[in-house]
Amino acid sequence: MQGGSSGIVYGGLKYQARCIADVRADAGSTTFLAGTLSLKEENEVHLIRLSPAESELVCDGLFYHPNEIWDLKSCPFDHRVFSTVYTSGESYGASVWKIPELYGQSNSPQLEKLFALDDHMGKIRCVLWWPLGKHDKLISIDDRNIFLWNIDASNKSAKVISQGSADMLPNLRGGAWDPHNHNSVATITDSSLHCWDLRFMKKSNAIEHAHFRDVDYNPKKQHIIATAEDEFGICLWDLRMLKHPLKNLPGHSHWTWTVRHNPEHDQLILSAGTDSTVNLWFAKVGTDESGPESPSGSPTREQEPLLNSYTDYEDSIYGIAWSSHDPSLFASLSYDGRVVLESVKPYLQRK
Amino acid sequence: MATAGGAAPPAMDDKARRTRDLLASFYNTDPSAAAAAAPSPARPSPTAASASPLDSINSTSFDPDIYMNVLVQQSNLEGLLQRHVKMAAEIKNLDTDLQMLVYENYNKFISATDTIKRMKTNIVGMEANMEQLLSKITSVQSRSDTVNTSLFDKRENIEKLHRTRNLLRKVQFIYDLPTRLNKCIKTEAYADAVRFFTGAKPIFEAYGDTSFQDCKKASEEAINLVMQHLQAKLYSDSEPIEARAEAVVLLKQLNFPVDNLKSNLLEKLEDCLLNFQNDPTQASIGDISKTFRAYLIIFPDSEKRLIELAQALFSNRYETVRENLRKRIPSIDLLAMLRSLWEDSTSIDEVIPEAALPAFSLETTRDIIRQHIATAFLHLQNEISDVLVRTPSTSNEKLEESQLQTAMETSKIKVLQGCIDLLQEFHRLIDGNTELLVKLRDLIIDWVQEGFQDFFQKLDGHFHMLSGRSKSFSQESSGMESVQIDKVSTALVLMLAQLCVFIEQTAIPKVTEELASSFSGGGTHSYEYGPPFVPGEICRLYRSSGENFLHHYINMKTQKISKLLNKRFTTPVWIKHKEPREVNMFVDLLLLEFNGVVSEVKQILPGLIRRHRHSDSTGSTTSSRSNPMREDMLNRSNTHRSRSQFLENHLAKLFEQKMEIFTKVEYTQESVISAVLKLCLKSLQEFVRLQTFNRSGFQQIQLDMEFLKSSLKEFVDDEAAISFLLKEVNNAAHERCLDPIPLEPPILDKLINAKLAKIKDQSPNMQ
């Protein structure tokens with residue numbers, strides 16, 4: 001395919017990196033946060049903004065972060081707040097940070113640590129904000145437990161409200177918070193996916209015998225999730241019918257690491273993986289699928305769900321993020337620290 | 001008249017008319033009526049006013065003065081003179097006409113008087129004659145009366161005598177009846193006998209109790225004998241059909257319960273048919289058709305029943321054929337059966353065309369052949385799947401040498417030979433020249449083509465089901481298959497992949513060729529989507545299925561290894577790892593898995609292809625390895641000037657890795673093995689990246705990789721890619737290590753040699 005020739009490259013990250021997040025709360029421009037993963041050097045968080053001319057990505061702020069960053073999420077209602085999960089040696093930590101006022105100068109001021117989520121004993125996997133806006137709760141997941149926090153940004157404090165334990169399950173890997181229902185969270189382990197009801201901290205339903213790397217809720221349709229599979233592709237599921245996936249879209253030649261729905265056009269799905277490829281999918285699910293597919297079956301089925309495969313990467317890709325400011329843009333972060341911004345407009349118009 | 005002679009004919013007409021009118025008025029008693037009638041059809045006058053006085057000369061209202069005045073006024077002298085002449089002539093004419101009429105009348109009158117006179121004289125003599133006649137007639141009447149009275153008594157006597165005589169004759173007939181009947185029986189004139197008996201029957205009924213009793217009894221006995229004879233005649237097949245038919249008619253006349261007879265006979269026929277059905281050698285269809293014809297003539301009203309019988313016979317026989325079908329009889333036998341049935345049906349059809357047997361037969365034959373074709377395909381599919389399922393399950397655990405290979409070969413042969421056998425079978429179906437098959441030929445061709453299309457599609461679906469890949473298939477056929485899915489052996493998947501290739505490349509062209517040579521034509525159905533068998537479509541299907549299976553195989557293998565690696569990398573605490581003393585156990589497990597893959601692949605996939613690898617490797621492994629790297633560095637160095645040298649190297653290597661790792665998998669041993677290896681090493685690298693190591697952990701990885709490097713050489717030719725990937729793993733561990741100091745080469749060598757020696761020690765024990 002034509003690859004990333006159209007993409008805008010940001011080469012400011014000097015070390016390996018896994019995490020990139022869209023700054024959803026920044027309504028004015030397309031902004032991303034990316035954190036580096038370097039064992040020995042001093043790690044950085046970059047605030048990357050698309051220049052108004054939309055021709056280049058500029059570094060809007062560079063902040064030192066004490067440890068290597070394994071997970072980074074931007075606060076959906078305050079563009080200056082974000083959370084990270086980090087390790088130093090064998091200890092894990094998770095914190096919520098505030099970007100200090102810059103006043104024009106961008107020479108690496110210190111991040112302000114709002115509070116640390118330090119009730120965890122195990123390996124912290126990720127921190128989840130409720131994706132759609134202001135919500136005073138926060139979720140953190142380690143390899144055994146899931147914590148629900150009540151946060152108070154003004155008092156710079158966080159308290160554990162409740163805690164769920166994964167018991168006998170294999171280690172938890174990550175999760176996603178249902179945007180349609182803020183009592184529902186999906187977590188993934190090596191071999192299964194579980195939905196949690198946060199009110200009782202109980203697992204409700206599960207998909208077994210699958211190898212998940214990532215999970216993402218459909219932002220428009222309730223009960224629909226996309227999962228990234230070890231088996232070289234993504235799957236779409238209806239949480240009410242977990243026996244078989246709605247769709248199975250194989251397209252990666254190694255692990256699929258992450259999957260993301262477009263915030264506006266929920267049929268557009270991005271997946272990225274360790275085969276150094278980003279795939280753009282067009283996958284209709286749910287009610288609008290059963291209608292046209294049954295009478296005129298083959299033509300709609302024939303339609304290739306893979307819109308494009310971006311292959312111009314040099315290393316595994318662990319991070320992708322759609323821009324919520326301009327939903328036709330997404331940024332991908334490969335392990336070598338290269339951020340590439342691509343537009344999906346050419347493929348949208350073809351639809 | 002002379003002057004008027006030159007005038008035009010209408011003038012003549014005028015004159016004649018006037019004359020006639022005049023005469024009419026003369027005879028008419030009512031002159032006014034004549035006057036009224038006469039002028040009405042008068043000729044059209046030129047001018048009504050002037051003409052009226054002139055024309056009214058013949059009317060009663062004629063006024064001579066006015067006439068004169070008008071005439072004088074209107075006409076000139078010459079005209080007047082002419083009129084005068086004309087009028088004088090008319091008058092003269094009228095006079096003569098009048099005279100003539102008078103004379104004629106007079107003549108008539110005279111002749112009438114004469115006639116009356118003659119009549120008077122004739123009538124005078126008649127009176128006397130009439131009176132004479134009257135007296136004579138009276139005398140005749142009286143005499144006839146006397147004769148009549150004298151003869152009256154005698155006549156009554158004669159009439160009585162005559163009646164008695166008639167009665168006596170009848171009685172005589174009845175008394176003679178038994179003998180007469182017996183005589184009839186002797187001469188076999190049953191028809192007469194029956195006629196006699198039916199004639200006497202009313203008398204017997206009326207007076208049977210009286211003196212006729214004996215006679216009645218005797219004649220009834222006789223007639224019973226007749227009946228028996230008739231029945232015997234009816235039942236005997238040797239009698240001519242007409243005689244039998246006559247017997248039935250006679251019996252019917254004797255009020256014998258013919259319906260019973262008929263049903264008896266038909267039951268007999270049914271038995272006979274049943275016998276025929278069970279053992280066709282006993283009777284020939286010719287006999288049966290003769291019987292049918294006879295019964296048809298004997299009992300004209302039994303046609304419906306006969307049709308039912310015939311239809312039942314044939315449907316039963318076809319049912320037996322169908323049952324045979326389940327036993328999977330060869331086409332030849334089936335064909336023989338169908339052909340004999342068809343012939344039978346045509347011969348019966350000659351007798352009772354209303355039963356529409358040929359149509360029924362044709363219909364049924366069509367169904368049966370269709371079913372035959374379908375079952376043949378189904379059997380083939382089952383056989384193939386049997387071959388596939390049976391062999392790998394036995395060789396699942398202990399991979400005996402070449403067992404998979406033989407299984408592979410058997411299944412290949414099964415598919416090809418099965419298809420060819422089927423074709424031959426079907427070929428026999430259309431080879432015959434019988435009328436039946438000619439009718440069905442096109443249909444059969446279509447079915448065979450359709451059958452192949454369907455067969456290959458179904459087989460593909462079945463393969464998917466066997467492989468457990470297709471979730472939709474397992475949904476459809478729940479239960480048994482879903483259990484199978486869990487224990488689908490990887491060898492089976494690989495065999496399926498290879499079988500798909502085989503079908504695509506060998507079986508389908510072969511089948512297509514055969515079809516084209518012997519099953520061309522057809523097309524009685526107008527297929528909207530072209531011919532029923534579309535080899536291209538099937539090939540495409542199998543190509544994609546084959547690729548799917550191959551990928552699935554690789555997936556299954558890498559998944560398994562991935563689990564192993566996962567356990568290896570998530571369980572130990574790497575950051576507190578102890579100093580490496582020996583190569584880790586997991587390497588053994590890994591090598592065991594690889595061995596499994598290799599053994600499976602070597603047996604199932606074709607083992608080529610040296611030249612392939614050479615042509616490839618000269619391009620990619622050595623020369624291209626350095627070239628793209630440099631080019632890349634040159635290109636990239638402009639854009640990423642800020643990078644450190646380490647990353648630059650890293651990047652360049654990754655670029656090369658991308659070229660090599662995820663290549664298209666081919667159906668060769670090398671390709672599949674190296675694909676599995678590469679994917680596993682890539683997974684290894686990814687697992688390493690997720691951990692943080694201390695120095696010892698790093699050294700352990702280094703040691704393991706070094707050992708793998710020497711061990712993997714024997715598996716795969718693409719050494720460069722493997723060693724590169726191993727180096728990648730090392731690099732990743734290096735990156736993720738807090739204190740990356742590698743092992744000293746001597747120690748490394750020592751540990752590896754120790755491991756190799758250990759393996760060597762073990763291997764003789766194992767074998």
Thr692(B) side chain reached by Glu68(A) side chain, heavy atoms, under 4.5 Å
yes

Validation row: Glu735(B), Tyr15(A) side chains within 4.5 angstrom (heavy atoms):
no

Identify which part of [X] has an atom lying under 4.5 Å from any heavy atom of chain A, answering side chain, backbone, both or neither.
{"X": "Ser683(B)", "result": "both"}
{"X": "Asn566(B)", "result": "side chain"}
{"X": "Ile554(B)", "result": "neither"}

Carefully, step by step, assess Trp70(A) and Leu690(B) under the rule side chain to side chain contact (heavy atoms under 4.5 Å, CB included).
CA-CA 10 Å; Trp70(A) 288 88; Leu690(B) 287 171; 3.9 Å; yes

Pick from Arg689(B), Gln685(B), Glu686(B): which one makes a side-chain contact (heavy atoms from CB on, under 4.5 Å) with Thr274(A)?
Glu686(B)

Spatial distance of atom NZ (Lys678(B)) from atom OG (Ser253(A)) [nearest 0.5 Å]:
11.0 Å

Looking at OG1 of Thr87(A) and CD of Gln691(B), how far apart are the two atoms once the value is rounded to the nearest 0.5 Å?
10.5 Å

Check the surroundings of atom CD in Glu579(B): do more than 12 heavy atoms from other residues, nucleotides or ligands lie under 6.0 Å from it?
no

